[in-house]
Amino acid sequence: MDKNTRSKCDNCGAGLKNINGELHCTYCGSTFPIKPTEPEPELEVEVVAPVEIENRPANTENNADMEGWIVGIFIFVVIAGILFNISKNNQSGDVPDADSLYNSGVIIDTSIIVDSTEIIEANEATKALNAKLTELESIKITKATFKSLYKNTRKNYDEFSKNTDIYDWSSPQYINYRGVFAYITKGENDLELRLQMQYVDDEWLYIDEVIFNTDGENHTYSSWKFSRGSNNSERWEWYDTNLTSEPSTLVAIATAKTAKVKYIGDDYYKIVVITKKQQAAIKRQLQIYKGLLLGYNK
(Lines give C-alpha, C1' and ligand atoms only; values in the text may rest on other atoms or scores of the structure.)
Protein backbone atom coordinates (compact mmCIF):
# COMPACT_ATOMS: atom_id res chain seq x y z
CA MET A 1 0.00 0.00 0.00
CA ASP A 2 1.25 3.53 -0.72
CA LYS A 3 2.23 5.04 2.64
CA ASN A 4 1.28 8.50 1.50
CA THR A 5 -2.29 7.36 1.08
CA ARG A 6 -2.61 5.21 4.31
CA SER A 7 -5.49 6.05 6.64
CA LYS A 8 -4.84 3.62 9.58
CA CYS A 9 -1.86 2.91 11.91
CA ASP A 10 0.32 -0.02 10.93
CA ASN A 11 0.84 -0.94 14.66
CA CYS A 12 -2.62 -0.74 16.22
CA GLY A 13 -4.93 -0.08 13.33
CA ALA A 14 -6.19 3.19 14.79
CA GLY A 15 -6.84 6.17 12.59
CA LEU A 16 -4.01 8.54 11.55
CA LYS A 17 -3.94 12.30 11.55
CA ASN A 18 -1.65 14.63 9.56
CA ILE A 19 0.27 16.88 11.97
CA ASN A 20 2.98 19.16 10.61
CA GLY A 21 3.70 16.96 7.64
CA GLU A 22 3.64 13.63 9.59
CA LEU A 23 0.97 11.05 10.17
CA HIS A 24 0.26 10.58 13.94
CA CYS A 25 -1.68 7.64 15.41
CA THR A 26 -4.31 9.03 17.76
CA TYR A 27 -4.27 5.85 19.85
CA CYS A 28 -0.71 4.52 20.25
CA GLY A 29 1.22 7.66 19.26
CA SER A 30 3.12 6.10 16.35
CA THR A 31 4.24 8.48 13.66
CA PHE A 32 4.83 7.94 9.97
CA PRO A 33 6.65 10.27 7.60
CA ILE A 34 4.94 11.46 4.43
CA LYS A 35 7.10 11.08 1.32
CA PRO A 36 7.00 13.99 -1.07
CA THR A 37 4.96 13.25 -4.15
CA GLU A 38 7.10 12.61 -7.18
CA PRO A 39 6.21 14.80 -10.11
CA GLU A 40 4.61 13.01 -13.04
CA PRO A 41 6.93 12.64 -15.99
CA GLU A 42 6.35 15.09 -18.83
CA LEU A 43 4.79 13.66 -21.98
CA GLU A 44 7.10 13.67 -24.92
CA VAL A 45 5.49 15.19 -28.02
CA GLU A 46 6.60 13.62 -31.24
CA VAL A 47 7.01 16.16 -33.98
CA VAL A 48 5.75 14.73 -37.27
CA ALA A 49 7.43 15.96 -40.37
CA PRO A 50 5.13 17.37 -43.05
CA VAL A 51 4.10 14.78 -45.59
CA GLU A 52 4.58 15.65 -49.21
CA ILE A 53 1.27 15.10 -51.04
CA GLU A 54 1.66 13.08 -54.20
CA ASN A 55 0.19 14.65 -57.32
CA ARG A 56 -2.45 12.12 -58.43
CA PRO A 57 -4.41 12.11 -61.70
CA ALA A 58 -7.99 13.40 -61.59
CA ASN A 59 -10.80 10.91 -60.88
CA THR A 60 -11.71 9.82 -64.41
CA GLU A 61 -14.92 8.15 -63.27
CA ASN A 62 -16.29 11.36 -61.77
CA ASN A 63 -15.26 13.27 -64.87
CA ALA A 64 -17.04 10.73 -67.08
CA ASP A 65 -20.19 11.05 -64.99
CA MET A 66 -20.08 14.83 -65.30
CA GLU A 67 -19.58 14.64 -69.06
CA GLY A 68 -22.50 12.20 -69.29
CA TRP A 69 -24.77 14.63 -67.46
CA ILE A 70 -23.76 17.48 -69.75
CA VAL A 71 -24.39 15.40 -72.88
CA GLY A 72 -27.73 14.21 -71.50
CA ILE A 73 -28.87 17.76 -70.78
CA PHE A 74 -27.84 18.84 -74.28
CA ILE A 75 -29.79 15.98 -75.90
CA PHE A 76 -32.83 16.77 -73.76
CA VAL A 77 -32.78 20.43 -74.83
CA VAL A 78 -32.47 19.44 -78.52
CA ILE A 79 -35.37 16.95 -78.33
CA ALA A 80 -37.51 19.41 -76.38
CA GLY A 81 -36.97 21.99 -79.13
CA ILE A 82 -37.93 19.49 -81.83
CA LEU A 83 -41.08 18.42 -79.98
CA PHE A 84 -42.02 22.06 -79.44
CA ASN A 85 -41.79 22.72 -83.18
CA ILE A 86 -43.86 19.61 -83.91
CA SER A 87 -46.47 20.81 -81.42
CA LYS A 88 -46.63 24.18 -83.20
CA ASN A 89 -47.11 22.44 -86.53
CA ASN A 90 -49.95 20.35 -85.12
CA GLN A 91 -51.66 23.46 -83.80
CA SER A 92 -51.42 25.07 -87.22
CA GLY A 93 -53.07 22.04 -88.82
CA ASP A 94 -49.92 20.45 -90.29
CA VAL A 95 -49.53 16.76 -89.48
CA PRO A 96 -45.87 15.61 -89.43
CA ASP A 97 -45.07 12.43 -91.28
CA ALA A 98 -42.52 9.78 -90.35
CA ASP A 99 -39.81 11.17 -92.67
CA SER A 100 -39.97 14.69 -91.24
CA LEU A 101 -39.77 13.35 -87.68
CA TYR A 102 -36.81 11.14 -88.58
CA ASN A 103 -34.98 14.03 -90.28
CA SER A 104 -35.56 16.10 -87.15
CA GLY A 105 -33.60 13.54 -85.16
CA VAL A 106 -36.53 11.91 -83.38
CA ILE A 107 -36.38 8.10 -83.23
CA ILE A 108 -39.92 6.80 -83.64
CA ASP A 109 -41.82 3.58 -84.21
CA THR A 110 -43.17 4.05 -87.73
CA SER A 111 -45.69 1.26 -87.25
CA ILE A 112 -47.86 3.63 -85.20
CA ILE A 113 -47.68 6.55 -87.62
CA VAL A 114 -50.94 7.17 -89.49
CA ASP A 115 -50.59 8.69 -92.93
CA SER A 116 -51.79 12.31 -92.95
CA THR A 117 -53.90 11.58 -96.04
CA GLU A 118 -55.83 8.94 -94.12
CA ILE A 119 -56.48 11.41 -91.29
CA ILE A 120 -57.72 14.07 -93.71
CA GLU A 121 -59.96 11.59 -95.55
CA ALA A 122 -61.39 10.34 -92.24
CA ASN A 123 -62.14 13.92 -91.16
CA GLU A 124 -63.81 14.70 -94.49
CA ALA A 125 -65.92 11.53 -94.28
CA THR A 126 -67.02 12.46 -90.76
CA LYS A 127 -67.97 15.97 -91.87
CA ALA A 128 -69.96 14.61 -94.82
CA LEU A 129 -71.79 12.12 -92.60
CA ASN A 130 -72.66 14.81 -90.06
CA ALA A 131 -73.95 17.06 -92.85
CA LYS A 132 -76.26 14.30 -94.15
CA LEU A 133 -77.54 13.47 -90.67
CA THR A 134 -78.24 17.16 -90.06
CA GLU A 135 -80.42 17.34 -93.19
CA LEU A 136 -82.21 14.18 -92.06
CA GLU A 137 -82.80 15.50 -88.54
CA SER A 138 -86.60 15.58 -88.96
CA ILE A 139 -86.62 11.93 -90.10
CA LYS A 140 -86.82 9.82 -86.94
CA ILE A 141 -85.66 6.22 -86.87
CA THR A 142 -84.82 3.65 -84.19
CA LYS A 143 -82.84 0.47 -84.66
CA ALA A 144 -85.91 -1.70 -84.15
CA THR A 145 -87.98 0.30 -86.66
CA PHE A 146 -85.11 0.19 -89.16
CA LYS A 147 -84.88 -3.60 -89.00
CA SER A 148 -88.62 -3.93 -89.58
CA LEU A 149 -88.63 -1.52 -92.54
CA TYR A 150 -85.47 -2.94 -94.07
CA LYS A 151 -86.85 -6.46 -93.93
CA ASN A 152 -89.92 -5.47 -95.98
CA THR A 153 -88.07 -3.73 -98.82
CA ARG A 154 -87.64 -5.03 -102.35
CA LYS A 155 -83.99 -5.62 -103.15
CA ASN A 156 -82.40 -6.08 -106.58
CA TYR A 157 -78.76 -7.22 -106.69
CA ASP A 158 -76.62 -6.52 -109.77
CA GLU A 159 -73.82 -9.06 -110.08
CA PHE A 160 -71.87 -6.84 -112.49
CA SER A 161 -71.74 -3.65 -110.39
CA LYS A 162 -71.96 -5.54 -107.07
CA ASN A 163 -74.62 -3.03 -106.03
CA THR A 164 -77.99 -3.67 -104.40
CA ASP A 165 -80.94 -1.39 -105.16
CA ILE A 166 -83.35 -1.12 -102.24
CA TYR A 167 -86.96 -0.13 -103.06
CA ASP A 168 -90.07 0.42 -101.02
CA TRP A 169 -92.55 -2.41 -101.49
CA SER A 170 -95.10 0.04 -103.01
CA SER A 171 -92.79 1.48 -105.70
CA PRO A 172 -93.60 0.63 -109.34
CA GLN A 173 -91.45 -2.07 -110.92
CA TYR A 174 -91.94 -0.95 -114.52
CA ILE A 175 -91.56 2.39 -116.28
CA ASN A 176 -95.03 2.38 -117.84
CA TYR A 177 -96.53 3.45 -114.48
CA ARG A 178 -96.65 6.97 -113.13
CA GLY A 179 -94.67 7.50 -109.98
CA VAL A 180 -92.39 9.67 -107.86
CA PHE A 181 -90.32 7.48 -105.56
CA ALA A 182 -86.97 7.21 -103.78
CA TYR A 183 -84.68 4.22 -103.65
CA ILE A 184 -81.25 3.39 -102.24
CA THR A 185 -78.22 1.96 -104.02
CA LYS A 186 -75.93 0.15 -101.60
CA GLY A 187 -72.43 -0.66 -102.84
CA GLU A 188 -69.48 -2.30 -101.15
CA ASN A 189 -68.09 1.05 -99.96
CA ASP A 190 -70.74 3.66 -100.75
CA LEU A 191 -74.39 4.48 -100.31
CA GLU A 192 -76.57 6.55 -102.66
CA LEU A 193 -80.00 8.08 -102.14
CA ARG A 194 -81.76 8.28 -105.51
CA LEU A 195 -85.00 9.72 -106.91
CA GLN A 196 -86.91 8.34 -109.88
CA MET A 197 -89.83 10.06 -111.68
CA GLN A 198 -92.06 8.41 -114.26
CA TYR A 199 -94.62 10.25 -116.39
CA VAL A 200 -97.07 8.38 -118.62
CA ASP A 201 -99.57 9.91 -121.09
CA ASP A 202 -100.82 9.55 -124.62
CA GLU A 203 -98.76 12.51 -125.86
CA TRP A 204 -95.11 13.54 -125.47
CA LEU A 205 -94.11 16.38 -123.15
CA TYR A 206 -90.37 16.14 -123.85
CA ILE A 207 -89.69 16.98 -120.21
CA ASP A 208 -86.48 18.91 -119.45
CA GLU A 209 -87.42 20.80 -116.27
CA VAL A 210 -89.06 19.80 -112.99
CA ILE A 211 -90.41 21.91 -110.13
CA PHE A 212 -91.47 20.36 -106.82
CA ASN A 213 -93.85 22.37 -104.67
CA THR A 214 -94.03 21.42 -100.98
CA ASP A 215 -96.42 23.50 -98.87
CA GLY A 216 -95.85 26.46 -101.21
CA GLU A 217 -92.04 26.15 -101.41
CA ASN A 218 -90.52 25.45 -104.83
CA HIS A 219 -87.54 23.19 -105.61
CA THR A 220 -86.49 23.67 -109.23
CA TYR A 221 -84.32 21.41 -111.41
CA SER A 222 -83.89 22.82 -114.90
CA SER A 223 -81.35 20.50 -116.51
CA TRP A 224 -82.97 17.11 -116.19
CA LYS A 225 -83.32 15.40 -119.55
CA PHE A 226 -85.90 12.61 -119.39
CA SER A 227 -85.54 9.32 -121.24
CA ARG A 228 -88.45 8.26 -123.45
CA GLY A 229 -90.23 5.14 -124.63
CA SER A 230 -93.60 4.22 -126.10
CA ASN A 231 -96.00 1.61 -127.43
CA ASN A 232 -99.00 2.01 -129.68
CA SER A 233 -101.08 3.89 -127.12
CA GLU A 234 -98.75 5.31 -124.42
CA ARG A 235 -95.76 7.61 -124.12
CA TRP A 236 -93.36 7.08 -121.24
CA GLU A 237 -90.89 9.62 -119.92
CA TRP A 238 -88.69 8.92 -116.91
CA TYR A 239 -85.66 10.28 -115.08
CA ASP A 240 -83.36 8.81 -112.41
CA THR A 241 -81.00 11.03 -110.38
CA ASN A 242 -78.67 10.92 -107.38
CA LEU A 243 -79.81 13.16 -104.49
CA THR A 244 -77.26 11.94 -101.93
CA SER A 245 -75.70 15.40 -101.68
CA GLU A 246 -79.08 17.16 -101.30
CA PRO A 247 -81.59 14.95 -99.49
CA SER A 248 -83.47 18.06 -98.32
CA THR A 249 -85.76 17.94 -101.37
CA LEU A 250 -86.88 14.41 -100.54
CA VAL A 251 -87.29 15.36 -96.87
CA ALA A 252 -89.51 18.28 -97.90
CA ILE A 253 -91.66 16.00 -100.09
CA ALA A 254 -91.96 13.33 -97.39
CA THR A 255 -92.93 15.73 -94.59
CA ALA A 256 -95.13 18.23 -96.48
CA LYS A 257 -98.88 18.47 -95.98
CA THR A 258 -99.27 18.83 -99.74
CA ALA A 259 -96.73 18.05 -102.44
CA LYS A 260 -96.92 18.47 -106.21
CA VAL A 261 -94.59 18.15 -109.18
CA LYS A 262 -94.71 20.23 -112.35
CA TYR A 263 -93.29 18.55 -115.46
CA ILE A 264 -92.26 21.20 -118.02
CA GLY A 265 -91.73 20.19 -121.66
CA ASP A 266 -90.93 21.97 -124.89
CA ASP A 267 -94.43 23.35 -125.42
CA TYR A 268 -96.57 22.12 -122.55
CA TYR A 269 -96.42 21.32 -118.85
CA LYS A 270 -98.30 18.99 -116.59
CA ILE A 271 -98.90 19.27 -112.79
CA VAL A 272 -99.20 15.99 -110.92
CA VAL A 273 -100.10 15.56 -107.24
CA ILE A 274 -97.71 13.43 -105.19
CA THR A 275 -100.05 11.15 -103.27
CA LYS A 276 -99.94 10.47 -99.53
CA LYS A 277 -99.01 6.90 -100.33
CA GLN A 278 -96.02 8.09 -102.37
CA GLN A 279 -95.01 10.54 -99.61
CA ALA A 280 -95.14 7.75 -97.01
CA ALA A 281 -93.00 5.51 -99.23
CA ILE A 282 -90.39 8.27 -99.65
CA LYS A 283 -90.33 8.78 -95.88
CA ARG A 284 -89.74 5.07 -95.28
CA GLN A 285 -86.83 5.14 -97.71
CA LEU A 286 -85.35 8.14 -95.89
CA GLN A 287 -85.66 6.28 -92.59
CA ILE A 288 -83.87 3.26 -94.05
CA TYR A 289 -81.19 5.48 -95.57
CA LYS A 290 -80.59 7.21 -92.22
CA GLY A 291 -80.46 3.84 -90.45
CA LEU A 292 -77.81 2.63 -92.90
CA LEU A 293 -75.76 5.80 -92.29
CA LEU A 294 -75.97 5.10 -88.55
CA GLY A 295 -74.90 1.48 -89.07
CA TYR A 296 -78.16 -0.08 -87.84
CA ASN A 297 -77.74 -2.89 -90.37
CA LYS A 298 -74.57 -4.18 -88.63
Side-chain angles (χ1 to χ4, degrees), residues 128-142 145-146 148-150 152-154 165-186 191-201 205-228 236-294 296:
L129 175 60
N130 289 337
K132 293 174 184 176
L133 292 175
T134 299
E135 292 197 74
L136 295 169
E137 186 176 0
S138 61
I139 303 299
K140 307 302 180 184
I141 185 66
T142 64
T145 302
F146 167 83
S148 177
L149 292 176
Y150 191 70
N152 293 313
T153 56
R154 187 177 77 248
D165 291 332
I166 305 168
Y167 297 90
D168 187 80
W169 59 268
S170 66
S171 299
Q173 299 187 47
Y174 306 101
I175 60 173
N176 59 339
Y177 290 88
R178 285 191 179 187
V180 176
F181 59 94
Y183 72 98
I184 300 163
T185 297
K186 184 177 180 297
L191 196 65
E192 291 183 1
L193 179 63
R194 305 190 67 88
L195 168 68
Q196 183 158 326
M197 292 160 291
Q198 298 177 180
Y199 176 77
V200 180
D201 207 339
L205 275 181
Y206 298 102
I207 303 168
D208 58 9
E209 183 176 355
V210 173
I211 301 176
F212 295 102
N213 185 282
T214 55
D215 293 336
E217 181 181 359
N218 288 332
H219 312 265
T220 303
Y221 298 91
S222 58
S223 60
W224 288 358
K225 301 294 183 181
F226 278 55
S227 299
R228 293 186 295 273
W236 318 315
E237 298 183 58
W238 70 94
Y239 187 76
D240 184 303
T241 186
N242 185 350
L243 289 185
T244 305
S245 61
E246 47 180 334
S248 56
T249 298
L250 289 173
V251 172
I253 294 172
T255 58
K257 292 181 180 179
T258 59
K260 303 175 184 178
V261 56
K262 184 177 184 179
Y263 297 112
I264 302 173
D266 289 345
D267 299 315
Y268 307 99
Y269 68 84
K270 196 76 172 184
I271 297 175
V272 178
V273 174
I274 301 175
T275 67
K276 292 296 182 182
K277 181 180 178 180
Q278 291 172 333
Q279 286 182 271
I282 291 174
K283 183 177 181 179
R284 287 193 292 268
Q285 286 297 101
L286 290 172
Q287 288 176 302
I288 292 171
Y289 177 66
K290 185 175 182 179
L292 290 171
L293 290 176
L294 293 171
Y296 287 170

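We count residues from 1, following the sequence as given.
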Any chance you could lay out the side-chain contact (heavy atoms from CB on, under 4.5 Å) test for Leu193 and Ile184, step after step, and finish with the verdict? CA-CA 5 Å; Leu193 179 63; Ile184 300 163; 4.2 Å; yes
Side-chain contact, heavy-atom cut-off 4.5 Å: Tyr263 with Phe226? yes
Can you classify the ring geometry of Phe146 versus Tyr150 as parallel (below 30°), tilted (30 to 60°) or perpendicular (above 60°)? parallel
Are the side chain of Asn213 and the backbone of Lys260 linked by a donor-acceptor contact shorter than 3.5 Å? no
Listing request: all salt bridge (Lys or Arg N to Asp or Glu O under 4.0 Å) pairs with a residue in residues 264-293, at least two apart in sequence or in separate chains. Asp168-Arg284
Are the side chains of Gln196 and Phe181 in contact, using a 4.5 Å heavy-atom criterion? yes
Between OG1 on residue Thr214 and CD1 on residue Ile274, distance to nearest 0.5 Å: 8.5 Å
Go through the steps to decide whether Tyr221 and Thr241 satisfy the test side-chain hydrogen bond (donor to acceptor under 3.5 Å, both in side chains), and finish with yes or no. CA-CA 11 Å; Tyr221 298 91; Thr241 186; over 6 Å; no
Contacts of Val200 that satisfy side chain to side chain contact (heavy atoms under 4.5 Å, CB included) - sequence neighbours left out: Arg178, Glu234, Trp236
Does anything in residues 239-253 form a salt bridge (Lys or Arg N to Asp or Glu O under 4.0 Å)? List the pairs, not counting sequence neighbours. Arg194-Asp240
Would you check if the side chain of Gln287 reaches a backbone N or O of Lys140 as a donor-acceptor pair within less than 3.5 Å? yes
Check whether any side-chain heavy atom of Lys132 sits under 4.5 Å from a side-chain heavy atom of Thr244, and report yes or no. yes
What do the steps show when you test Leu294 against Leu133 for side-chain contact (heavy atoms from CB on, under 4.5 Å), and what is the final call? CA-CA 9 Å; Leu294 293 171; Leu133 292 175; 4.0 Å; yes
Aromatic ring pairing Trp224/Tyr239, orientation class (parallel under 30°, perpendicular over 60°, tilted between): parallel
So Val210 and Val261, do their side chains get closer than 4.5 Å, heavy atoms only? yes
Flag the pair Val180 / Leu195 as yes when at least one side-chain heavy-atom distance between them is below 4.5 Å, and no otherwise. yes
Would you check, one step at a time, whether the test side-chain contact (heavy atoms from CB on, under 4.5 Å) holds for Ile141 with Leu149? CA-CA 10 Å; Ile141 185 66; Leu149 292 176; 4.2 Å; yes
Are any non-hydrogen side-chain atoms of Tyr268 and Asp201 less than 4.5 angstrom apart? no
Output yes when a side-chain donor or acceptor of Asp208 lies under 3.5 Å from a complementary backbone atom of Ser222, and no otherwise. no
Where the side chain of Glu237 meets the backbone of Tyr206, is there a donor-acceptor pair that is under 3.5 Å apart? yes
For Tyr177, does its backbone N or O pair with a side-chain atom of Gln198 as donor and acceptor, under 3.5 Å? yes
